[in-house]
Q: 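Sharing a structure with you now.
Lettering follows sequence order; numbering is per chain, from 1.
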Amino acid sequence: MERAANISLAAWPSALVTNRARVSPRIFAAMLVGSAAFSVALASWLPLQVSIATVFLFAGPHNWFELRYFLMRLPARFGRSRNFFAVAFAGIFFLTAAYLAMPALYYLNLWSGANWPDAIATWNTLLLLWLGALVVLRGKQNSRRDWFWALPVVFMLCALNWLAPQLFSLAIVYAHPLVALWFLERHLRRTRPQWLRTYHRCLILLPLLVVGMIWQLSRTSSLADDNGLFWRITQHAGADLLPRVSSHMLVSLHVFLEMLHYGVWIIALPLIGATGAVWKVRTIPLARRRGGFPGLIAAVLVFGLFVVALLWFGFSVNYPAMRDVYFAVAIAHVLAEAPFLLRMI
Amino acid sequence: MKRTLILSAAICALLTAAVFAFGDIARPKPTPAPGKTVLYTGLTILPDAKATEARLQISRETLKSIQAALANSGADESMTQRVMHSSTRTIMAGVFMFLAVSFGGVWLARSGQRRSHKTIAAALLIAFVFGTATVIVRANAGPPGYVRWASLSQALKDGKATDGGLDIEIVPGDEYMRLIIPIRKTPKPGEE
């Protein structure tokens, strides 16, 4: 009963409007396939230009929507989840600070950058151990779950990470956009179950599109990264780590996955009501509960909008530098996705 | 207690003596730094009866590739080379693999009997699939590089060109360039 009392139904307002879904699964499928095909075409055709435009336009807003979503999913009272959220928030804070400290120490000449792969491997290990701890804690919240298997998996991933730390980090860069698709799946399961089968079928298309892109673009010549910005984009996609792979293919693939990621957070999840009515602070449990903090939540959201505007301004003034800053700070939202996704499984 | 103290002191003295004894051993001769392969490309050896000097012709694109490969030589190492060059990473990877296998075993032991059997069967199946795939892939690997150079001496005698693969290796020092051709001695009939 206690567990049942901890379930926040307020976080699932859209469950009440399940029957109000006016869009048929066919139209939903057509929208998904059309969006994916359009993204593939754009990313393959003009990878560098599309990368610049998508990050400029959507990086900030998608972070704001994620913040809105996380606030929405935060329970009004932690109850039995207190330890889980304590570990989650401590991990997000510590790992983000450590991630930002590495380049900061380097640019302040306090660290020569020697043993950079070892530093990366250590950070990745801490990340994996944190994820393992979250999985175990989440598993303990339900006696029917035995998630002990997560530990050997985490240790095996740690071992692979130490064999090739930089490639492991690159794998995170490519895997992170796919997490949004998992969020969408969990929400459809609860709010639009009639769309779920269609969604799963559409997901089969994803590996086919990726293989198609690799097949088509692997023989293309690498992109000209003769200016600082283009060089940054190709490096971010892994051109330095995979010198024998066409950077055109790498950048296209990364841009395609990023476009899917932005599409899910900015369009798909708000459309199915996962983030609640964007302008209504009262849809957030922390603001609605007795003795809640509606003013604080509203202030956080308004401040978030201010940061988005600031990001756009920064991109307009010095795009390459702002892009570097953004991708360093954005690690926080990558980390924050893990506990909230686990809460939905 | 007294006996333990004496024994400990004797062991310490022995270890200290061993350090001094090793300190007197002559330093080993420094081994020359090994060369580093930065690029794989192709080479054509062409005898020319009219030429007065040996010439090494490098295309502009290949030269660019060599320069780029030199700049990225750290990233261009294979995973095995990178792991071999870092004992810390090898140790850490080994420790975590040990932990993974240990915890995996504990998990299997903790799981129900029926489920364990299914998991073991699945693990064996995956191992079999990977093993078979590896055998197939290795079996389809191309012939070793020296095969293409086997006819070099005959081709030189006949004045013909010979093509083959080439690793560009950067070695320390300022000596002349060297071309090392992998020639295997083929045993003549009746020769062991």
Q: Show the nearest heavy-atom pair for residues A:Ala159 and B:Ala93, with the distance to one decimal.
A: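 For A:Ala159 versus B:Ala93, the nearest heavy atoms are CB-O, 3.5 Å.
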Q: Could you please state which residues from residues 151-163 of chain B sit under 4.5 angstrom from chain A, measuring non-hydrogen atom to non-hydrogen atom, sorted by number, or 'none'?
A: none
Q: Just verifying a value: how many Å separate B:Met92 CE and A:Thr122 OG1, rounded to the nearest 0.5 Å?
A: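 Atom-to-atom, B:Met92:CE and A:Thr122:OG1 are 7.0 Å apart.
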Q: For A:Tyr99, give me all partners under ring pair (Phe, Tyr, Trp, His ring centres under 6.0 Å), at least two apart in sequence or on another chain.
A: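 Counting only residues at least two positions away or on another chain, A:Tyr99 forms a ring pair (Phe, Tyr, Trp, His ring centres under 6.0 Å) with A:Trp123.
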Q: Let me confirm one number: the CH2-CD1 distance from A:Trp162 to B:Ile91, rounded to the nearest 0.5 Å.
A: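 Here the rounded value is 10.5 Å.
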Q: Testing the basics here: between B:Ala100 and A:Met156, what is the closest heavy-atom pair and its distance to 0.1 Å?
A: CB-N, 3.5 Å
Q: Compile the donor-acceptor pairs under 3.5 Å between side chains in residues 245-255 of chain A and protein atoms, sequence neighbours left out, one pair per line.
A:
unit_1	atom_1	unit_2	atom_2	d
A:Ser246	OG	A:Thr220	O	3.0
A:Ser246	OG	A:Thr220	OG1	3.1
A:Ser246	OG	A:His248	N	3.2
A:Ser246	OG	A:Met249	N	3.4
A:Ser247	OG	A:Leu223	N	2.8
A:His248	NE2	A:Ser44	O	2.9
A:Ser252	OG	A:Ala43	O	2.8
A:Ser252	OG	A:His248	O	2.8

Q: List for me each residue that meets side chain to side chain donor-acceptor pair (under 3.5 Å) alongside A:Ser51, sequence neighbours excluded, and say none if there are none.
A: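 Residues passing side chain to side chain donor-acceptor pair (under 3.5 Å) with A:Ser51: A:Arg323.
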Q: Between CZ of B:Phe96 and OG1 of A:Thr125, what distance do you get to the nearest 0.5 Å?
A: 5.0 Å
Q: Which heavy atom of A:Leu163 sits nearest to which heavy atom of B:Arg89, and what is that distance?
A: O-NH1, 4.3 Å
Q: Near A:Phe327 CZ, under 6.0 Å, is it more than 12 heavy atoms from other residues, nucleotides or ligands?
A: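 Atom CZ in A:Phe327 is packed in, count exceeds 12.
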Q: About how many Å separate CZ of A:Phe148 and CZ of B:Phe103, when rounded to the nearest 0.5 Å?
A: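 Going from the CZ atom of B:Phe103 to the CZ atom of A:Phe148 covers 5.5 Å.
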